[in-house]
Amino acid sequence: MTTLAPIGATPQPGSTTRKSFGKTPDGQPVDLYVLTNKSGAEASITNYGGAVVSLKVPDRNGKLADVALGYDTAGGYVNDKAYFGAIVGRYGNRIGHAQFVLDGKTYTLAKNNGENSLHGGIKGFNKAVWTAKILSTEGGQSLELSYLSKDGEEGFPGNLKVSVIYTWTDADALQVEYSATTDKETVVNLTSHSYFNLAGQSSGDILGHLLMIQAEKFTPVDADLIPTGELRDVAGTPFDFRKATAIGARIDQDDEQLKLGGGYDHNFVLRRSADPVESLAARVVEPTTGRVMEVWTTEPGVQFYTGNFLDGKTAGKGGVAYPRRSAFCLETQHFPDSPNQPKFPSVVLKPGERYHTITTYKFSIEK
Ligand code: GLA
């Protein structure tokens with residue numbers, strides 16, 4: 001059972017507490033929800049942008065560390081340009097030329113990434129104040145966040161009703177369940193943009209983390225990081241993570257795709273099981289602490305991003321700096337620019353249909 005402790009109470013195992021996290025520039029109050037599981041591991045989530053603010057999980061000696069990058073107050077998220085921990089939408093990742101055709105009509109979006117649209121536009125879901133509700137769940141703590149993205153918001157058609165349910169389980173798994181419905185044909189691609197460092201946030205670079213991605217192919221990009229449409233074999237390239245390999249082992253190789261991304265910033269085509277349940281997408285091991293994170297998802301793709309644009313200039317939690325490549329993201333998703341790529345799996349949502357995807361980040365340890 002979830003019990004709601006009063007604002008300001010110290011988190012107890014098996015509880016959810018709510019506290020003030022500050023205000024938006026127009027004065028709306030924003031909260032921080034601290035979900036503490038039975039073993040004392042903790043996930044903190046704000047209803048500003050639906051962001052995962054911190055994730056405190058044990059190492060092989062039982063020592064908790066916060067493995068997610070973020071900010072101490074809502075103000076940090078208001079100014080954020082890196083999408084730390086956020087729910088990204090209506091369309092996560094890029095749409096080429098900030099334009100697409102749907103049902104014979106051309107829709108034009110704001111260009112917020114060169115000539116292209118990135119992560120939902122200028123005011124994406126990461127800058128919205130979501131309505132939060134604590135749910136009663138067996139085996140963990142759950143928080144439901146809801147948001148209505150109005151018809152025409154950031155150029156997208158249709159009133160889109162979105163719900164994201166975060167469940168922090170007693171087994172140290174963060175499940176993210178996304179649902180959406182629309183009243184007009186639209187495109188939807190929601191993701192979670194957590195930046196992880198399994199040694200602990202602000203503990204140096206992530207180049208020594210060992211990564212496995214269950215992908216035979218990836219989607220190569222052009223100079224704007226828009227997929228060319230090709231599905232390229234990972235075999236024989238620095239994109240082959242079918243066997244666990246250090247993230248830094250090949251990151252600076254003389255490879256055209258790595259140069260275009262400034263490192264890894266690419267969508268991988270996931271190996272899927274036939275039924276629509278979650279499949280294992282990726283597994284990451286941090287050898288010095290023994291922390292392990294597995295990513296399970298119903299989605300067809302995952303963007304592996306090595307924090308190439310982090311520059312150490314923005315102060316994060318506790319005033320620390322986050323230098324280049326001090327975290328990695330595994331953003332489960334449909335492929336970038338799908339609205340303009342007829343051969344990619346469809347991202348179209350029609351009235352009467354329900355968008356529904358699940359991604360789970362499972363934390364454990366390896367001795
Ligand atoms: C995604 C993109 C990156 C970058 C980050 C946010 O991972 O693919 O290019 O824009 O988001 O900084």
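Numbering of residues begins at 1 and proceeds along the displayed sequence. Atoms within a ligand are numbered from 1 in the order they appear, just like the ligands themselves. In this text the structure is predicted, and so the values were computed from the model without any measurement.
- Distances shorter than 4.0 angstrom occur between a heavy atom of Tyr195 and an atom of ligand 1.
- The nearest heavy-atom contact from the protein to atom 9 (O) of ligand 1 is Asp265 OD2, 2.4 Å.
- Of the charged side-chain nitrogens involved, none lies within less than 4.0 Å of a carboxylate oxygen, so that Asp103 and Lys105 do not count as a salt-bridged pair.
- Between Asp254 and Lys259 there is a salt bridge, with a side-chain nitrogen of the basic residue lying less than 4.0 Å from a carboxylate oxygen of the acidic one.
- Some N or O of Arg94 is nearer than 3.5 Å to an N or O of ligand 1, by distance alone.
- In terms of protein heavy-atom proximity, atom 5 (C) of ligand 1 is nearest to His193 NE2, 3.6 Å.
- Ion pairing between Asp31 and Lys19 fails under the 4.0 Å rule for side-chain N and carboxylate O.
- Using modelled atom types, one finds a donor on one side chain and an acceptor on the other under 3.5 Å when comparing Thr16 with Gln141.
- Atoms of ligand 1 lying under 4.0 Å from at least one heavy atom of Leu118, given by number and element, are 10 (O).
- Contacts of Asn113 with ligand 1, taken as heavy-atom pairs under 4.0 Å, are absent altogether.
- Of the protein's non-hydrogen atoms, His119 NE2, 3.2 Å is the one closest to atom 1 (C) of ligand 1.
- In terms of N/O distances under 3.5 Å, ligand 1 is approached by Gln303.
- Just one of Asp72, Thr73, Asp66 meets the side-chain hydrogen bond (donor to acceptor under 3.5 Å, both in side chains) condition when paired with Lys317; it is Asp66.
- Among Phe84, Phe328, Phe309, the residue whose heavy atom sits closest to atom 4 (C) of ligand 1 is Phe309.
- Between His209 and Phe328, the ring centre distance stays below 6.0 Å.
- Regarding atom 7 (O) of ligand 1, its nearest protein heavy-atom neighbour is Glu331 OE2, 2.7 Å.
- Here Glu294 does not pair with Lys362 in a salt bridge; the nearest charged N to carboxylate O distance is not below 4.0 Å.
- In summary, the atoms of ligand 1 found under 4.0 Å from a heavy atom of Tyr83, numbered by their order in the structure, are 6 (C).
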